[in-house]
Structures are given as structure tokens and as C-alpha cells.
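All ligand and atom numbering here is 1-based and tracks the order in the structure. Note that these values count all heavy atoms, side chains included, but never hydrogens, waters or copies made by symmetry. FYI, the numbering just counts along the sequence from 1.
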Amino acid sequence: MANATIIDGKAMAADMSDAITTRTAALVEQSGVKPGLAVVIVGEDPASQVYVRNKKRTAEACGFHSVQHSLPEDSTQDAVLSLVDDLNNDPAVHGILVQLPLPSHLDEQAITQAIVPAKDVDGFHFQNIGMLTAGHLDGAFVPCTPAGCMLMIEEQLGKDLSGLNAVIIGRSNIVGKPMAALLLKANATVTICHSRTKDLPAVARNADILVAAVGRAKMVKGDWVKPGAVVIDVGINRIEVEVDGEIKNKLVGDVDFDEAAAEAGAITPVPGGVGPMTIVMLMSNTLQSAERTA
Ligand code: GUN
């Protein structure tokens, strides 16, 4: 049976969202600047549609100016770049997010790098990546998922992770690499693992902080988890399960929750862990951008 603390990302995100709403009202009253978030989605990917809807709903709840641009699947590179250019120059927009993945005919890197760094609330522009990697967190936008993970880790272990081993499974630009930069900045000893890592379970068992961000359902088993570790599950995987003879869809993480919770000191659930924190960090970055403008 689970004896780990369940890290309630949904409740943490709700508290942060309240604080952002209050700060937004103060900003509007003091300066007349209303934080503006523009989300661009290209095509019909169902998971992306859900994420974008949630981002728009949260932005509105925080009192932001919120715009969504839905472009058709067959949009040209020039059409997407032209929209990004318009948003770069729109003074009502403080944050621009182009939802990934983009359809395969589009050049994802050229599009994310076309967003001006000052409105890059995803933190994907090379200028923001460079500042994060160099440890200059004040001026940079930090990618939302690792930023949210970091707050949950801090809640459990404090801000100084000196002497602790952090193991990240997954080397993506969106999660793995920026997560490593944040953990390093907090003085953790960081290992990044990936598909070519030898004896992954043994490396994972060395982790006081284990972050799973690979996109494979329930990959991390109970015997990969060091007793007492803080386990952060970034995965969102849809699997089919049989309930009373019926096949149903279920969301699960990259961690086998029941097994890991029996070993961990604290663990994030899926859903209700990293997901809500990611969205609220996007609001936090957008508000920060608006505050800089004001
Ligand atoms: N797709 C999955 N996660 C993200 C994210 O954090 N930002 C963007 N733009 N697209 C994503």
C-alpha cells in the first residue's frame, strides 16, 4: 500500500492561480496593462486541442486577455511565420505559445525561434535557453513543465538540493534538458538518462529525486525507486483498460504509480500532478512578461 506523500499539483496550481489573479488585477489597476496570452495551434491533434483549451480557460480565469489562433493542418510555413510576426508586434500580447508538435511539413525550430525572446513564455528561444543554462534565471523565461516540477520538488526538499542525487529520465528540449539546468542551479548532482543509458533501473535507484519524462506508460517500476525518493512523473499517456468488461481510456504517467508509491517518500499523481502546474507556470511567465512591459 502507498505510504508516500501524494504531491497535490492541482491544489498547488489552484493556490498559485489565485495569487496570479490578484497580481493581475493590481497590475491592471496600477498601469492599465492587462496580461495578454496568444496561443497558436496548427491542425487537429486531439491531445493538443485539450491542452490549448485548458490554457485558454486558465488565462481567462486569471483575468488575462486571451487569444487563440487555430490554423488549418495544411498551413504553410510562411503563414505561421506571418502570424508569429503579427503577434510579436501586437502590444496587447505579452506571451506567445505555438503548441507543439507541429504538422511534420513545418519547420518547428524556425517557428519557435521566430518568437521574440521577450514574449517567449515557453522558454524555447535559444536566448532564453542560453540564459537558463548559464544560471541567469532572473531575466529568462523558464520552460513551464520543468519550472512547475521544480516548485513541487522545492515544496518537499527546500530550495537547496546540496548533496542530493537527481536523475532525469528523458533528454528532451522541453523537459529533460531544462530540468537538468534547474536542478543543477539548486546544487543537486544531476544525471540525465535516455534510451542509450546502460542499466537504467540501477541509475534510477541512486536518485533522491527521480524525474520521469519519456512518454512510456508505467515504465518506471517500484524497484527503480530508492526508498524515500521524491518522484516526479511528467508523462501523460493514454492507455486502454478493461473495466467491468468494457474497454475504457485511462491517463497514466511514465511511472507505475502503485508500485512507486510503495517505495517513494513523495510522488506526483497523473492526472493532477505536473499537468496543472505546467499550465499555471505559463500564466506566471505571461504575467511576468506583462509586468516587465509595465
Ligand atoms: N507540447 C507539449 N508540451 C508543450 C509545451 O510546454 N509548450 C508547447 N508550446 N507545446 C507543448
Which N/O atoms of ligand 1 sit under 3.5 Å from a protein N/O, and at what distances?
from: ligand 1; atom 1: 1 (N); to: Gln99; atom 2: NE2; distance (Å): 3.2
from: ligand 1; atom 1: 1 (N); to: Leu100; atom 2: O; distance (Å): 2.9
from: ligand 1; atom 1: 7 (N); to: Asp122; atom 2: OD1; distance (Å): 3.0
from: ligand 1; atom 1: 7 (N); to: Asp122; atom 2: OD2; distance (Å): 3.3
from: ligand 1; atom 1: 9 (N); to: Val98; atom 2: O; distance (Å): 2.8
from: ligand 1; atom 1: 9 (N); to: Asp122; atom 2: OD2; distance (Å): 2.6
from: ligand 1; atom 1: 10 (N); to: Leu100; atom 2: N; distance (Å): 3.0

Ala59 versus Leu37, closest heavy-atom pair with distance: CB-CD2, 4.1 Å

With Lys56, which residues qualify under salt bridge (Lys or Arg N to Asp or Glu O under 4.0 Å), at least two apart? Glu60

No-hydrogen, no-angle side-chain donor-acceptor test under 3.5 Å, Gln68 and Ser70: yes

Determine whether Val33 and Ile96 fall in the same hydrophobic cluster, where Ile, Leu, Val, Met, Phe, Trp and Tyr are linked whenever their side-chain heavy atoms lie under 4.5 Å apart. yes

Is there a chain of hydrophobic side chains (I, L, V, M, F, W, Y, each step under 4.5 Å between heavy atoms) that links Tyr51 to Val270? no

Non-hydrogen atoms of Thr76 and Leu106 that approach each other most closely: C-CD2, 3.8 Å

